[in-house]
Amino acid sequence: MSKRKALLSPPIPPSEITPEHVYINRRQFLGGAGALSLAALLAACAPGGGSFPTDSGTPFPTATGESDEAITPYAAITNYNNYYEFTVDKERVAVLAENFRISPWQVEVGGLVNNPRTFGLEDLLRMFDQEERIYRLRCVEGWSMVIPWMGFPLARLLEEVEPTGDARYVMFTTLLDQEQMPGTRSSFYPWPYTEGLRLDEVMHDLTILATGLYGKELTPQNGAPIRLVVPWKYGFKSIKAIISIELVAEQPPTFWNLIAPNEYGFYSNVNPEVDHPRWSQASERRIGESGRRRTLLFNGYEEDVAHLYAGMDLTVNY
Ligand SMILES: Nc1nc2c(c(=O)[nH]1)N[C@H]1C(S)=C(S)[C@@H](COP(=O)(O)O)O[C@H]1N2
Ligand SMILES: [Mo]
């Protein structure tokens with residue numbers, strides 16, 4: 001067990017970060033509540049639906065309109081990654097994943113559904129409108145970013161396959177390819193990487209499958225061609241390079257929970273009051289900023305998601 005304890009230790013600060021200037025066609029703010037009014041406001045600012053610039057470092061709107069938060073630079077989002085299939089070294093993932101083959105790509109959606117189906121990536125891009133979602137990402141290690149994803153609500157996909165009445169959880173699986181993913185040659189880890197959510201968490205509008213980043217294609221190091229994003233949970237729940245989505249009746253096994261169940265629970269909702277056994281979760285280091293920020297309950301999405309956990313003891317169901 002002692003070897004395992006070092007796996008998610010607090011990280012080394014990233015190297016020099018160069019902001020990149022990009023243009024984004026369509027924006028949505030980071031949260032749920034107030035999205036419509038804000039979308040309307042932005043539409044008014046950009047008549048004709050034209051594009052407008054988003055600099056990394058640009059403050060972005062929030063539900064209250066009072067945020068001092070800025071979008072994290074593209075270079076940081078794409079050069080400081082957790083992706084154990086490639087390496088445990090965050091600053092080497094980008095290089096090792098550079099030639100990862102993302103086409104052709106298929107996602108099998110099955111289990112307890114009426115219409116099981118295998119979707120090609122092109123089907124998913126064609127069938128569902130890709131919208132921008134600017135979300136905080138809080139890693140369980142104690143660092144965070146603000147990331148402008150492109151993607152679509154996972155609920156849209158599940159509506160296509162129609163979960164049966166017995167489906168209560170969803171299990172996600174990452175590609176396992178030892179030839180392309182050098183980290184998976186280590187038999188120490190319980191490959192393939194799997195994750196799971198309760199069905200109501202999956203159906204929540206904040207839960208998306210991301211296919212893009214900063215208005216461009218998703219990069220391999222960030223989980224191309226398709227990855228989950230669940231912004232109110234610790235980053236490891238947001239599983240990358242998904243090949244299978246299975247509706248199941250029982251709580252599924254998940255990668256980090258299999259490795260260290262006392263450190264990584266099934267829920268893993270961001271919670272400043274539930275410390276990791278080896279470090280505090282009360283604050284976080286926002287990449288690109290100096291100093292630390294206070295960590296927010298449910299990563300700042302409390303208004304949107306707290307009802308999902310009504311009556312649950314969050315210190316027990318961590
Ligand atoms: N398949 C897979 N998905 C994964 C991981 C991983 O190692 N393998 N790391 C997770 C962790 S710990 C974090 S913090 C986020 C990081 O996402 P990012 O690199 O896009 O910022 O991806 C998550 N998804
Ligand atoms: Mo993480």
Side-chain angles (χ1 to χ4, degrees), residues 7-11 14 17 71-97 100 102 105 107 133-151 171-177 180-184 186 188-197 208-214 216-245 254-260 263-265 268-270 276 279 281 284-288 295 299:
L7 295 178
L8 281 181
S9 56
I17 285 160
I71 297 171
T72 301
Y74 183 78
I77 296 171
T78 56
N79 287 286
Y80 190 75
N81 303 99
N82 270 332
Y83 205 163
Y84 275 43
E85 284 87 338
F86 289 94
T87 171
V88 298
D89 180 347
K90 294 187 204 351
E91 298 182 42
R92 288 211 311 139
V93 173
V95 168
L96 286 171
F100 182 59
I102 55 173
W105 193 273
V107 183
R133 298 284 185 101
I134 304 172
Y135 287 158
R136 299 181 195 90
L137 180 129
R138 169 62 155 82
C139 178
V140 73
E141 296 165 331
W143 53 267
S144 63
M145 299 189 187
V146 175
I147 304 183
W149 303 107
M150 299 291 296
M171 176 172 174
F172 304 85
T173 308
T174 295
L175 177 72
L176 172 53
D177 180 346
Q180 294 198 78
M181 299 166 142
T184 62
S186 161
F188 174 76
Y189 298 99
W191 310 112
Y193 197 104
T194 56
E195 257 307 335
L197 294 173
I208 61 166
L209 288 176
T211 56
L213 175 66
Y214 255 95
K216 312 180 200 194
E217 260 183 48
L218 195 58
T219 55
Q221 61 267 39
N222 293 98
I226 190 159
R227 59 95 55 89
L228 182 68
V229 181
V230 196
W232 70 94
K233 293 177 179 281
Y234 290 116
F236 65 84
K237 298 293 289 183
S238 293
I239 181 174
K240 298 177 173 180
I242 295 167
I243 57 161
S244 160
I245 298 176
T254 63
F255 185 79
W256 283 107
N257 186 253
L258 287 169
I259 294 168
E263 303 194 353
Y264 310 105
S268 290
N269 293 315
V270 174
H276 187 280
W279 59 84
Q281 294 291 25
E284 64 201 59
R285 186 171 59 90
R286 179 65 53 85
I287 300 301
T295 287
N299 205 23

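All ligand and atom numbering here is 1-based and tracks the order in the structure. These numbers come from the heavy atoms of this one structure, side chains and all, not from hydrogens, waters or symmetry mates.
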List ligand 1 atoms under 4.0 Å from [X], heavy atoms only on the residue side.
X: Ile239; result: 3 (N), 24 (N)
X: Tyr84; result: 6 (C), 7 (O)
X: Cys139; result: 14 (S)
X: Ser238; result: 22 (O), 23 (C), 24 (N)
X: Thr174; result: 1 (N)

*If hydrogens are left out, which of Tyr193, Trp143, Tyr83 has an atom nearest to atom 4 (C) of ligand 1, that is, the closest non-hydrogen atom?*
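Residue with the shortest heavy-atom distance to the ligand atom: Tyr193.
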*Taking the minimum heavy-atom distance to atom 18 (P) of ligand 1, which of Arg138, Lys240, Glu195 ranks first?*
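Considering heavy atoms of Arg138, Lys240, Glu195, the nearest to atom 18 (P) of ligand 1 sits in Lys240.
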Examine [X] against ligand 1 and note whether any of their N/O atoms are separated by less than 3.5 Å.
X: Asn81; result: yes
X: Asn222; result: yes
X: Trp149; result: no

Identify the two heavy atoms, one from [X] and one from [Y], that lie closest to each other, and give their separation to 0.1 Å.
X: Ala94; Y: Asn79; answer: CB-OD1, 3.8 Å
X: Ile134; Y: Ile71; answer: CD1-CD1, 4.1 Å
X: Tyr234; Y: Asn269; answer: CE1-O, 3.5 Å

*asked:* With a 4.0 Å cut-off on heavy atoms, is Ala241 in contact with ligand 1?
replied: no
*Determine whether any heavy atom of Arg227 lies closer than 4.0 Å to an atom of ligand 1.*
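For ligand 1, residue contact (heavy atoms, under 4.0 Å) with Arg227 is present.
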_For ligand 1, the portion of Glu85 having any non-hydrogen atom under 4.0 Å away_ = side chain
_Can you confirm whether or not the ring centre of Trp143 sits under 6.0 Å from the ring centre of Tyr80?_
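For Trp143 and Tyr80, the ring centres are under 6.0 Å apart.
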*Pick out which of Arg138, Arg136, Gln281 makes a side chain to side chain donor-acceptor pair (under 3.5 Å) with Thr295.*
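That would be Arg138; it is the only one of Arg138, Arg136, Gln281 passing the side chain to side chain donor-acceptor pair (under 3.5 Å) with Thr295.
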*So is Lys216 actually on top of Tyr74's ring, under 6.0 Å and inside 45° of the axis?*
yes
*Charged N to carboxylate O below 4.0 Å: is that the case for Lys90 and Glu141?*
yes
_Check the orientation of His276 and Tyr264. Use parallel for under 30°, tilted for 30 to 60°, and perpendicular for over 60°._
tilted
*Taking Thr72 for the side chain and Val146 for the main chain, is one N or O donor matched with an acceptor at less than 3.5 Å?*
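Yes: the side chain of Thr72 pairs with the backbone of Val146.
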